[in-house]
Student: 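So that we are looking at the same thing, I have put the structure below in structure tokens.
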Amino acid sequence: MVELVEYIARSLVDNPEQVVVNRVEDENSIIIELRVAPDDMGKVIGKQGRIAKAIRTVVKAASLKENKKVTVEIL
Amino acid sequence: MKSVITTGKTIEDAVLAAAIQLAVQRDKLDIEVLEEPVKGLFGVFGGKDAKIRATVFQSMGDTAQGFLSELFDKMNLEAKVDVTETDDVISIHVSGPKMGILIGHRGATLDAVQYLTSLAVNRDSDKYKRVIVDTENYRKKREETLIKLARRLAHKVHKTRKKVVLEPMNPFERRVIHSTLQKDPYVVTHSEGDEPYRKVVITLK
């Protein structure tokens, strides 16, 4: 899941080398934390969060097999 | 982007060497000449080889193909990606055993994948191309479903004389409803609310 978010983010931003993705996990959920260069925030969030929503939708689809709830947080 | 630097007796030789190294057709290469060849004495002594940089040229369709293949791989989704590219549209057909996952609820995942592909493909390009991602003819079927829904609801509005508010839809889907009922003798349609929750409303004429 980390690789998936990393790949999508790197395909969208101007500074792919500054994309950092971490995975935080507890008993019932997985949080994928996405960090990008300040200038690239708009490229992963989009107008009214449209891009962020699309990233979350794709991650959700990919994590159907996981028993845990997967969320993506943009920091 | 993949590129190599090669040398050869002539530029032509160097290009051929690059094509072989990169395992692509020559017409898929962008060539930059770094050093012109210099003929030596008797063609043997003191000559200098040609030096070029060859870069694999990628069309926007190629970029879309690469992006989606990699994306599905990372999603653990087995899928075959077929791309058709015209001057302003890149049309992608995806096939595989588990396309339900790719479609998602009411096509939400398919729309998300299509949107991200469009962003990735158009990012570095000065020309904008529309990207359409489809699987198992989902978009065509959805359009037919919406047309039927529109006709059924128009009938209901006509009969009950009460307006009907549809669930939120994307612009493409709303347009299908509007155009289906455009010439309806009894009802008119308009949209209310803000994206992404904009809804079509069908009212009596």
Side-chain angles (χ1 to χ4, degrees), chain A residues 1-25 30-74, chain B residues 1 58 60 62-79 81 90 92 94 96-125 131 133 135 138 168-172 193-198:
Chain A
M1 223 50 68
V2 168
E3 274 183 38
L4 175 64
V5 174
E6 213 168 59
Y7 179 70
I8 296 173
R10 291 208 168 125
S11 307
L12 304 176
V13 300
D14 292 328
N15 307 288
E17 71 287 349
Q18 290 190 50
V19 170
V20 179
V21 180
N22 284 314
R23 175 195 174 104
V24 183
E25 188 168 353
I30 299 169
I31 298 169
I32 308 287
E33 297 177 338
L34 168 62
R35 284 183 180 81
V36 300
D39 288 349
D40 283 327
M41 280 303 263
K43 302 239 161 157
V44 290
I45 294 175
K47 265 189 211 150
Q48 292 171 334
R50 195 172 163 207
I51 301 173
K53 193 180 165 207
I55 296 174
R56 291 189 175 113
T57 305
V58 170
V59 168
K60 212 157 112 195
S63 63
L64 285 179
K65 277 166 262 164
E66 308 254 1
N67 295 320
K68 296 178 177 180
K69 187 176 154 60
V70 180
T71 51
V72 179
E73 277 178 17
I74 298 166
Chain B
M1 218 160 288
Q58 265 201 328
M60 290 170 79
D62 294 339
T63 309
Q65 169 102 43
F67 175 76
L68 282 174
S69 302
E70 190 78 27
L71 184 78
F72 294 146
D73 188 46
K74 301 219 184 303
M75 288 174 77
N76 274 325
L77 190 68
E78 194 185 315
V81 178
I90 299 166
I92 300 144
V94 188
K98 285 196 198 151
M99 290 298 103
I101 292 177
L102 175 63
I103 296 171
H105 180 64
R106 297 262 154 86
T109 309
L110 194 61
D111 286 342
V113 166
Q114 172 173 295
Y115 183 50
L116 293 175
T117 309
S118 171
L119 292 171
V121 167
N122 287 301
R123 181 185 63 168
D124 294 326
S125 170
V131 172
V133 179
T135 180
Y138 173 80
M169 288 175 190
N170 66 37
F172 171 77
D194 293 319
E195 298 283 4
Y197 302 108
R198 220 163 145 68

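Lettering of chains follows the sequences in order, A, B, ..., and the numbering in each one begins at 1.
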Student: Please give me the minimum heavy-atom distance between Tyr7(A) and Gly66(B), naming the atom from each residue.
Tutor: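 Looks like OH-O, 3.8 Å.
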Student: Which pair of non-hydrogen atoms, one from Glu3(A) and one from Lys74(B), has the smallest distance, and what is that distance?
Tutor: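 Closest approach of Glu3(A) to Lys74(B), heavy atoms only: O-CD, 3.4 Å.
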Student: To the closest 0.5 Å, what do you measure between NE2 (His105(B)) and NZ (Lys60(A))?
Tutor: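 Those atoms lie 9.5 Å apart.
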Student: Considering all heavy atoms of both residues, which atom of Ala54(A) and which atom of Tyr115(B) are nearest to each other, and what is their separation?
Tutor: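 Ala54(A) and Tyr115(B) have their closest heavy atoms at CB-CD2, 3.9 Å.
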Student: So which heavy atom on Thr109(B) is nearest to which on Ala61(A), and how close?
Tutor: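 So the minimum-distance heavy-atom pair works out to CG2-CB, 3.5 Å.
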Student: What residue in Val59(A), Ile55(A), Ile51(A) has the most heavy-atom pairs under 4.5 Å with chain B?
Tutor: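 When all of Val59(A), Ile55(A), Ile51(A) are compared, Ile51(A) has the most.
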Student: When only pairs under 4.5 Å are counted, which of Leu102(B), Ile101(B), Leu116(B) shares the most heavy-atom pairs with chain A?
Tutor: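 So the answer, after comparing Leu102(B), Ile101(B), Leu116(B), is Leu116(B).
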Student: Checking heavy atoms, do the side chain of Leu71(B), its backbone, both or neither come under 4.5 Å from chain A?
Tutor: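 Both parts, backbone and side chain.
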Student: Given a strict heavy-atom distance threshold of 4.5 Å, which part of Gln48(A) is in contact with chain B: side chain, backbone, both, or neither?
Tutor: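 For Gln48(A), the contact with chain B is made by the side chain alone.
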Student: Counting only heavy atoms closer than 4.5 Å, note whether Val5(A) contacts chain B via side chain, backbone, both or neither.
Tutor: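 Val5(A) has no heavy atom closer than 4.5 Å to chain B.
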Student: Which atoms form the tightest heavy-atom contact between Ala112(B) and Val58(A), and what is the distance?
Tutor: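 Closest heavy-atom pair between Ala112(B) and Val58(A): CB-CG2, 4.0 Å.
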Student: How close do Leu12(A) and Arg123(B) get, counting heavy atoms only, and between which atoms?
Tutor: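 That closest heavy-atom pairing would be O-CD, 3.4 Å.
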Student: Counting only heavy atoms not in Glu78(B), do more than 12 fall under 6.0 Å of its CD?
Tutor: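 Incorrect, the count does not exceed 12.
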Student: Heavy-atom cut-off 4.5 Å, strictly under: side chain, backbone, both or neither for Arg50(A) against chain B?
Tutor: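 Both parts, backbone and side chain.
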Student: Give a yes or no on whether Lys68(A) atom NZ has more than 12 heavy-atom contacts from other residues, nucleotides or ligands under 6.0 Å away.
Tutor: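 Yes, NZ of Lys68(A) has more than 12 neighbouring heavy atoms, counting only those of other groups under 6.0 Å.
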